[in-house]
Structure formats: structure tokens, C-alpha cells
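Remember, it's a predicted structure, so these values are computed and weren't measured experimentally.
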Amino acid sequence: MTSASFQPSPEPSASLARGGAPTAGPARRTVVAAAGAAGLAVALTACGGSDDDASSSSVDSGSAGGSADDGGASGGGSGRDDAGAALASTADIPEGGGKVFADRKVVVTQPTAGEFKAFSATCTHQGCAVKSIADGVINCPCHNSNFSITDGSVKSGPATKPLPSVEITVSGDSITLA
């Protein structure tokens with residue numbers, strides 16, 4: 001036997017195009033680029049968010065305390081598209097806790113009776129949405145950053161910047177975005 005007898009014979013329908021030239025599937029570069037783009041899209045979706053709320057300014061209802069703002073505040077208003085929109089009743093916000101309004105990207109807290117604060121619901125670490133409030137802290141589930149319900153400052157986690165304050169107005173028992 002010769003070595004030629006051990007070589008598989010090509011199947012014309014599977015590997016040859018018209019004229020006897022071999023066909024090729026997608027180029028390796030195309031496959032690698034598509035896989036990289038898909039991976040990037042997944043990563044951006046998982047940790048997506050925006051810093052649109054970072055320029056919000058701070059107003060505390062019933063308190064003249066300091067601001068947790070990063071310095072990007074404008075004196076006139078919050079710059080939010082949904083300003084004046086009702087968020088909740090004061091009865092909806094537990095004392096010593098708060099409530100996350102994911103659709104508005106804002107978290108409202110009541111550190112002490114009658115004192116209401118609002119912060120961006122976008123974590124300053126990698127832009128994930130904060131999800132819950134427990135034991136006096138606002139919790140981000142992505143990397144376990146925790147923020148104070150009083151001033152938005154970092155209590156623990158990989159985050160190093162506080163949650164930006166968001167302007168709210170408390171009128172009677174209604175809480176609205178300013």
C-alpha cells in the first residue's frame with residue numbers, strides 16, 4: 001500500500017466551489033470579532049448605567065446638613081426630565097429606611113422621623129442600580145457597596161464616591177421630584 005491510499009478523498013459537494021476552488025466559512029477574524037462584540041455587549045448590559053444623575057444638586061427637606069454632591073450641581077434645578085413628578089406618599093417611606101424607585105432611578109430615604117432625603121439609584125462604583133435598603137444603608141447588589149441613608153456616603157464596598165443627592169420636595173404627605 002502506498003501513503004496515498006490512506007489519504008481521504010475530498011467530497012466535492014462539501015469542500016469545493018464552482019471551478020474546483022475550496023470554499024471557506026466565515027473568516028477567523030470575523031468569528032473572533034463577533035464573539036468579542038457579543039461579550040462586550042453582555043458586559044456593558046450587566047454593569048450598564050449612566051452618570052446623568054451625577055449633576056443633580058442637593059436639597060434636604062427639614063435639614064440644613066452638608067451635601068454629598070460631587071460638585072457638579074447647578075444652582076437652578078435638578079435637571080431631571082421628570083421634575084415635579086410625584087414619587088410617593090411620606091407614609092410609603094419607612095423611618096430609618098427608604099424605598100428605591102427603579103423606574104425613576106432615585107432612592108428616597110427617611111433617616112429620622114419627618115426628614116426625607118433622595119439620592120441617585122445608580123451606584124458610583126460601576127453604574128449598577130441599587131436595589132434595597134436595610135439597617136440604615138442603601139445596598140448595591142453587584143459588588144456589595146453600601147451607602148448611608150442619611151447623606152449617601154460610602155459605608156462599605158468597592159465604591160469610593162457617595163451617591164449624588166437628588167432634589168425632592170415634600171409638601172404635606174406628598175414627595176415629588178423638584
Side-chain angles (χ1 to χ4, degrees), residues 39-178:
L40 180 61
V42 168
L44 290 176
T45 301
C47 288
S50 69
D51 292 327
D52 292 344
D53 294 336
S55 65
S56 298
S57 57
S58 169
V59 169
D60 298 336
S61 297
S63 172
S67 169
D69 206 20
D70 286 339
S74 61
S78 69
R80 297 181 67 93
D81 293 335
D82 48 2
L87 279 175
S89 166
T90 55
D92 296 336
I93 312 300
E95 183 180 342
K99 185 173 180 181
V100 177
F101 297 90
D103 58 331
R104 304 281 178 83
K105 296 181 181 177
V106 67
V107 56
V108 177
T109 64
Q110 185 178 187
T112 59
E115 178 186 19
F116 297 91
K117 308 260 183 147
F119 307 97
S120 168
T122 303
C123 180
T124 57
H125 174 235
Q126 286 191 346
C128 293
V130 299
K131 296 287 183 198
S132 64
I133 297 146
D135 302 321
V137 294
I138 302 164
N139 306 299
C140 178
C142 293
H143 302 104
N144 297 316
S145 289
N146 295 301
F147 303 90
S148 169
I149 64 170
T150 303
D151 59 6
S153 63
V154 177
K155 289 294 201 179
S156 67
T160 58
K161 295 181 181 176
L163 292 175
S165 296
V166 173
E167 286 187 37
I168 56 171
T169 302
V170 179
S171 179
D173 66 350
S174 179
I175 301 172
T176 58
L177 292 172

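- With a 4.5 Å cut-off on side-chain heavy atoms, V108 and L87 count as touching.
- In this structure, cysteines C128 and C140 have SG atoms that are not closer than 2.5 angstrom.
- To the nearest 0.5 Å, atoms OG (S145) and NZ (K155) are separated by 14.0 Å.
- Contact annotation: the side chain of I138 approaches that of L163 to within less than 4.5 Å [non-hydrogen atoms, C-beta and beyond].
- A donor-acceptor contact shorter than 3.5 Å is absent between the side chain of Q110 and the backbone of G96.
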Please determine whether side-chain hydrogen bond (donor to acceptor under 3.5 Å, both in side chains) holds for the pair N146 and S156, giving the CA-CA distance in whole Å, both sets of side-chain angles, and the decisive distance to 0.1 Å.
CA-CA 5 Å; N146 295 301; S156 67; 2.8 Å; yes
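- In terms of modelled atom types and a separation under 3.5 Å, the side chain of S153 and the main chain of P162 share no donor-acceptor contact.
- Atom-to-atom distance recorded for F119:CZ and I149:CD1 is 8.5 Å, nearest 0.5 angstrom.
- Taking the side chain as every heavy atom from C-beta outward, P111 and K117 approach each other to under 4.5 Å.
- At least one side-chain heavy atom of T124 sits under 4.5 Å from a side-chain heavy atom of F147.
- With a 4.5 Å cut-off on side-chain heavy atoms, K99 and I93 count as touching.
- Contact of the N144 side chain with the N139 side chain is not registered, since no non-hydrogen atoms from C-beta on lie closer than 4.5 Å.
- Taking CD1 from I168 and CZ from F116, the interatomic distance works out to 8.0 Å, rounded to the nearest 0.5 Å.
- The closest donor-acceptor contact from the side chain of T122 to the backbone of G127 lies at 3.5 Å or more, if one exists at all.
- Contact check for E167 versus L177: no side-chain heavy atoms found under the 4.5 Å cut-off.
- Across all non-hydrogen atoms, the minimal contact from V170 to T90 is CG1-CG2, 3.9 Å.
- No donor-acceptor pair under 3.5 Å is formed between the side chain of T176 and the backbone N or O of A86.
- Shortest non-hydrogen contact noted between A178 and T169 is CB-OG1, 3.6 Å.
- With rounding to the nearest 0.5 Å, the separation of OG in S120 from CZ in R104 is 14.5 Å.
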